[in-house]
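Okay, structure first, notes after.
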Amino acid sequence: MNARTAACAALLIAAATACSSNTSSDDSKAPTTAAKPSSTATTTAVAKLKALAIGGGRHWSDTDLDGSHISATTSVISYTQPAKVDLSDALADFPNPTWAILEVKVCADATSTNVMVAQSPWALGYPDDTRIQAPGVSGAGIPKPEYPVESTAVQPGTCLRGKITFSMAKGTRPDRIIYGPGGRDPVTWTVPKA
């Protein structure tokens, strides 16, 4: 009986997954023009997209969990390291940290349902394939405007922009910024060398 239930559940999941789409393309509405990717992801074949330059955005479109259309453009506006912040080093995960500020923006398409955003999908990636997730800090000492820590709705046709503050070990620098919301292909931006 358990094997039959597991098989039915697997078939239902496969059928539900096959109905959703997850496409990405460069967005001409981004603050600055980014290099066109060599290929785009489609529902029939998923291809790896080229990392964007800071200032560029990636338009994406999908079917939300409730079956509604959801689409937006996600952009990285700037990355600053080292950054001057008014925070105690005790808040960092590293002794004698270096601070960085990532400024990002998400614009929901006019035809989309609400797009939920938060710091949690954002990370910094390093050449040794390690990552630092967004710390989810806010309040006094954090550069303004802050990107929301808690899930926040971006209504159709509107944008939300803000800063995420990261701490890292002194002498280290990420080589990429990663936006990886659950269930969607991650988008990356290249961090220029210092």
Side-chain angles (χ1 to χ4, degrees), residues 24 26-37 48-60 72-108 115-155 158-182 184-194:
S24 296
D26 279 338
D27 178 35
S28 59
K29 298 177 192 170
T32 60
T33 304
K36 297 251 184 221
K48 186 173 181 171
L49 295 170
K50 182 178 176 184
L52 299 170
I54 290 178
R58 169 93 15 93
H59 182 266
W60 53 269
T73 299
T74 304
S75 304
V76 169
I77 296 169
S78 66
Y79 178 80
T80 306
Q81 180 191 346
K84 184 172 173 63
V85 297
D86 189 23
L87 293 171
S88 165
D89 286 354
L91 291 174
D93 292 328
F94 306 93
N96 194 22
T98 295
W99 296 91
I101 298 171
L102 174 64
E103 187 170 5
V104 299
K105 182 177 181 179
V106 173
C107 294
V115 175
M116 302 306 289
V117 300
Q119 289 186 17
S120 57
W122 292 95
L124 300 177
Y126 289 84
D128 66 356
D129 294 325
T130 59
R131 293 183 183 183
I132 295 177
Q133 290 299 129
V137 295
S138 66
I142 300 293
K144 308 295 186 237
E146 296 175 42
Y147 200 71
V149 172
E150 302 288 325
S151 186
T152 301
V154 180
Q155 295 180 330
T158 66
C159 299
L160 189 139
R161 175 181 62 88
K163 297 176 181 179
I164 303 170
T165 303
F166 289 85
S167 67
M168 62 198 68
K170 195 169 199 91
T172 64
R173 185 172 178 89
D175 63 351
R176 64 196 174 281
I177 298 161
I178 304 157
Y179 178 69
R184 295 189 177 94
D185 291 334
V187 180
T188 60
W189 289 261
T190 302
V191 174
K193 297 188 186 307

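Remember, predicted model here, so these are calculated numbers, not experimental data. Residue numbers count from 1 along this sequence.
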Keeping [X] on the side-chain end and [Y] on the backbone end, is there a donor-acceptor pair under 3.5 Å?
X	Y	value
Arg176	Tyr126	yes
Glu146	Thr165	no
Arg173	Pro192	yes

Taking all non-hydrogen atoms of both residues, which atom of [X] and which atom of [Y] are closest, and how far apart?
X	Y	answer
Gly125	Arg131	CA-CG, 4.3 Å
Pro148	Val117	CG-CG2, 4.2 Å
Ala108	Ala72	CA-CB, 3.8 Å
Ile77	Ile54	O-CG2, 3.6 Å
Ala51	Thr190	CB-OG1, 3.5 Å
Val76	Ile177	CG1-CD1, 3.9 Å

[atom1]/[X] to [atom2]/[Y] distance, rounded to the nearest 0.5 angstrom?
X	Y	atom1	atom2	value
Ile178	Trp189	CD1	CH2	10.0 Å
Ile164	Gln133	CD1	CD	10.5 Å
Lys105	Thr74	NZ	OG1	11.5 Å
Ser78	Lys163	OG	NZ	7.0 Å
Ser167	Leu124	OG	CG	10.0 Å
Lys170	Phe94	NZ	CZ	13.0 Å

Just wondering, are more than 12 heavy atoms of other shown residues or ligands nearer than 6.0 Å to [atom1] in [X]?
X	atom1	value
Glu150	CD	no
Asp86	CG	no
Lys144	NZ	yes

Just so I know, are the side chains of [X] and [Y] near enough to count as touching, which here means a heavy-atom distance under 4.5 Å?
X	Y	answer
Val137	Leu91	no
Arg161	Ser75	no
Tyr79	Pro174	yes

Taking the inter-plane angle between the rings of Trp122 and Tyr147 on a 0 to 90° scale, is it parallel (under 30°), tilted (30 to 60°) or perpendicular (over 60°)? perpendicular
